[in-house]
Amino acid sequence: MRTVDELVAEGVQGRRVFLRADLNVPLDDSTGTPVITDDGRIRASLPTLQALREAGARVVVAAHLGRPKGEPDPRYSLAPVAARLSELLGVDVPLATDTAGSGAQAAVAALEDGDVCLLENVRFEAAETSKDDDARGALADRFAALADLYVDDAFGAVHRKHASVYDVATRLPHAAGRLVATELDVLTRLTEDPQRPYVVVLGGSKVSDKLAVIEAMLPKVDRLLVGGGMCFTFLAAQGHGVGGSLLEQDQVETCRRLLAEAGDKIVLPVDVVCAEALVADAQVTVTGVDAIPDGLKGLDVGPRTVELFGDQLAGARTVFWNGPMGVFELAPFTAGTRGVATAVAAVDGLSVVGGGDSAAAVRQLGLPEDNYGHISTGGGASLEFLEGRELPGLAVLSDRAA
Ligand code: ADP
Ligand code: MG
């Protein structure tokens, strides 16, 4: 796979580079003006951007934000991202008035060497995410007409067969950005001969999202610690009542089978923090997992679980953590995620945090990012990589002939 640094060494002065970045940041809309609550992904995209600017390229950045319905929607405009990117780069980053139309053409035509512009949200075009190859191809043609070269640095989107991730790469000489290269390097260290003990911690909300990765990783890991909303389907599979906690009834059988196959590899919580409702001033009760009251929801792992998971992590040499242990967004339910995040940070070896919400949790809880070996920007992408699946956005970059 060619990298952006090889591209720069070959010379990109004056050349237009279509740079797919992952700028899908969380926004708080409650005040009427969207405010970026975590700019981690924007900052992670800077090294590639800077390398291209310094080499005199004309950089056309494309990105998605949220899930608009395939048509322009001001709520999902990249305007706040353009503003933050301008601040971080210290140069004006104009936002095109559209994604691939006359606005985009005008923004690109105005670029001088070393300049950057941002196209409007690629998901304003229904074709971006279309299952129809021709529809995506037609949009990719319009993208390709805007540039001479393609660089993909949107690690968080490489598992998507989308026009700006996959199809455009088949139309232009292409390379991987620095973020994609770093992510690949770290994830490869997790799959090829990791130092042992190798402990994986999984949390988050939906067990159905993560069963495939559990299945793929079980043979490779020494321990798999399960917390977050997804632990309740496993607890139900063990015969526990889970009250009003998240439960995916249709996955109980699969969880039961995985528990049987895993022996003592899967470690489940022993206590949970329960409350009646998901509110910031909730009255909480801590119970053992065998005594979750009917009317309550389990919204965080309890203190004995934090201790148990901490003991498991203490001796590990390789750790991958994806998914918060509880609803860390609300004060009464942050302790489990904080405890596990702290234990992961203390690991003597390679510690990797994957997942948008997990990375946001690390920053929101004020834990130093430097204490982790790597904080991945891509949740779904890193999980699919660890499952061993082929990721379209990476496969297309590996194809040097195109
Ligand atoms: P990531 O983005 O790191 O991959 P996920 O998207 O899988 O993580 O899950 C994150 C979400 O899971 C958070 O918004 C958090 O509030 C939620 N969550 C964690 N524990 C629970 C729980 N016990 N009940 C409901 N939601 C939970
Ligand atoms: Mg998430």
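For ligands, and for the atoms within them, numbers begin at 1 and follow the listed sequence. In this chain, residues are counted from 1 in sequence order.
Against a heavy-atom cut-off of under 4.0 Å, L246 is close to the following atoms of ligand 1: 24 (N), 25 (C), 26 (N). Every atom of ligand 1 with a heavy atom of N322 under 4.0 Å away is listed here by number and element: 4 (O). Every atom of ligand 1 with a heavy atom of F232 under 4.0 Å away is listed here by number and element: 23 (N). When each atom of ligand 1 is checked for a heavy atom of S358 under 4.0 Å away, the hits are 1 (P), 3 (O). Within the listing of ligand 1, atoms 23 (N), 24 (N) sit less than 4.0 angstrom from a heavy atom of L299.
Remark: the D153 side chain and the T48 side chain contain an N/O donor-acceptor pair separated by less than 3.5 Å. Side-chain contact check for T305 and D271: at least one donor-acceptor pair (N or O, by modelled atom type) lies under 3.5 Å. For the residue pair H64/R20, the side-chain donor-acceptor check at 3.5 Å is satisfied. Residues S164 and E128 have side chains that bring a donor and an acceptor to within less than 3.5 angstrom of each other. Between T233 and Q251, the side chains place no donor N or O within less than 3.5 Å of an acceptor N or O (distance only, hydrogens not considered).
Within the structure, the closest approach of F333 to ligand 1 does not fall below 4.0 Å when heavy atoms are considered. Between K210 and ligand 1 there is a heavy-atom distance shorter than 4.0 Å.
Checking only distances, D300 never comes within under 3.5 Å of ligand 1, N or O to N or O. Residue G298 places at least one N or O, backbone or side chain, under 3.5 Å from an N or O of ligand 1. Remark: ligand 1 and P324 share no N or O pair separated by less than 3.5 Å (distance only, no angle test).
Rounding to the nearest 0.5 Å gives a distance of 4.5 Å between CG of L383 and CG of N322. For the atom pair CG (D311) and CG (L225), the distance works out to 10.5 Å, reported to the nearest 0.5 Å.
If you check which protein heavy atom lies closest to atom 9 (O) of ligand 1, you get G204 CA, 3.2 Å. The single protein non-hydrogen atom nearest to atom 21 (C) of ligand 1 is G229 N, 3.3 Å, given as residue, atom name and distance. Protein heavy atom nearest atom 19 (C) of ligand 1, with residue, atom name and distance: G326 O, 3.2 Å. What sits closest to atom 16 (O) of ligand 1 on the protein, heavy atoms only, is E329 OE1, 2.7 Å.
Of the listed residues (D357, V327, V207, V362), the one carrying the non-hydrogen atom nearest atom 1 (P) of ligand 1 is D357. Considering only non-hydrogen atoms, atom 12 (O) of ligand 1 lies nearest to S205 out of G228, S205, A361.
Looking at R171 and D141, a side-chain N of the basic residue comes within less than 4.0 Å of a carboxylate O on the acidic one, giving a salt bridge. Comment: E261 engages R257 in a salt bridge, judged by a side-chain N to carboxylate O separation of less than 4.0 angstrom.
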Which is it for E120 and S77 under the side chain to side chain donor-acceptor pair (under 3.5 Å) test, yes or no, and what are the steps along the way? CA-CA 7 Å; E120 199 35 291; S77 169; 2.8 Å; yes
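Within D357, OD2 is the N, O or S atom that lies nearest to the Mg ion (ligand 2).
The ring of F143 has its center closer than 6.0 angstrom to the ring center of F18.
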